[in-house]
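Encoded as structure tokens, the structure appears first; notes follow it.
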Amino acid sequence: MPPFGPIRRRELIAALRAFGFSGPYSGGRHQYMQRGELVLAIPNPHRSEISVGLLAILLRQAGITRREWERR
């Protein structure tokens, strides 16, 4: 898994797939990924990286701890 820090959208999607998420799917204003009943909106950073703060929010919503993120 990538280290906990700024990450490109493509790397985030690959990492979430490794955690069992499927997608991304189109919907509303953002694409989303899904694991069971959990739906996670994927940000579109417009050619820049996803910040550490936003990554932390996404991981919290996904139920993934920082330790799990860095270990996998």
Side-chain angles (χ1 to χ4, degrees):
M1 232 16 77
F4 188 79
I7 187 171
R8 294 201 173 277
R9 184 176 190 272
R10 183 177 297 154
E11 293 170 344
L12 174 66
I13 290 170
L16 290 173
R17 284 185 180 150
F19 278 101
F21 281 84
S22 60
Y25 304 107
S26 296
R29 293 181 179 186
H30 293 283
Q31 290 185 333
Y32 65 93
M33 295 184 76
Q34 192 169 12
R35 180 176 66 187
E37 296 295 316
L38 178 63
V39 176
L40 183 67
I42 303 298
N44 185 4
H46 302 287
R47 299 184 186 190
S48 63
E49 293 183 331
I50 295 169
S51 69
V52 175
L54 183 53
L55 177 60
I57 291 169
L58 292 170
L59 293 180
R60 189 175 320 119
Q61 290 174 354
I64 301 169
T65 66
R66 182 174 174 171
R67 179 173 284 182
E68 289 173 328
W69 177 261
E70 291 178 339
R71 192 177 332 151
R72 198 161 230 221

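Since the structure is predicted, the reported quantities are computational estimates derived from the model, not experimental observations. This chain uses plain numbering: 1 for the first residue, then up along the sequence.
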* Distance, nearest 0.5 Å, that separates OG of S51 from CD1 of I57 -> 7.5 Å
* Minimum side-chain heavy-atom gap F21-L38 below 4.5 Å -> yes
* Heavy-atom check, side chain of I50 versus side chain of P6, under 4.5 Å -> no
* To do: Hey, could you give me the CZ/CG distance between R66 and L55, rounded to the nearest 0.5 Å?
  => 9.0 Å
* To do: Spell out, as yes or no, whether a donor-acceptor pair under 3.5 Å connects the side chain of R9 to the backbone of P43.
  => yes
* **From Y25 atom OH to Q31 atom CD, the distance as rounded to the nearest 0.5 Å** => 11.5 Å
* Quick one: do L16 and I42 satisfy side-chain contact (heavy atoms from CB on, under 4.5 Å)? Show the steps, please. => CA-CA 10 Å; L16 290 173; I42 303 298; 3.7 Å; yes
* Asked: Can you tell me if R35 uses its side chain to pair, donor with acceptor, with the backbone of L40 under 3.5 Å?
  -> no
* Ring geometry between W69 and F19 (parallel below 30°, tilted from 30 to 60°, perpendicular above 60°) -> parallel
* Between V39 and I13, is there a shared hydrophobic cluster once you connect ILVMFWY residues whose side-chain heavy atoms come closer than 4.5 Å? -> no
* Structure fact -> Smallest heavy-atom separation, A41 atom then H30 atom, equals CB-CB, 4.5 Å
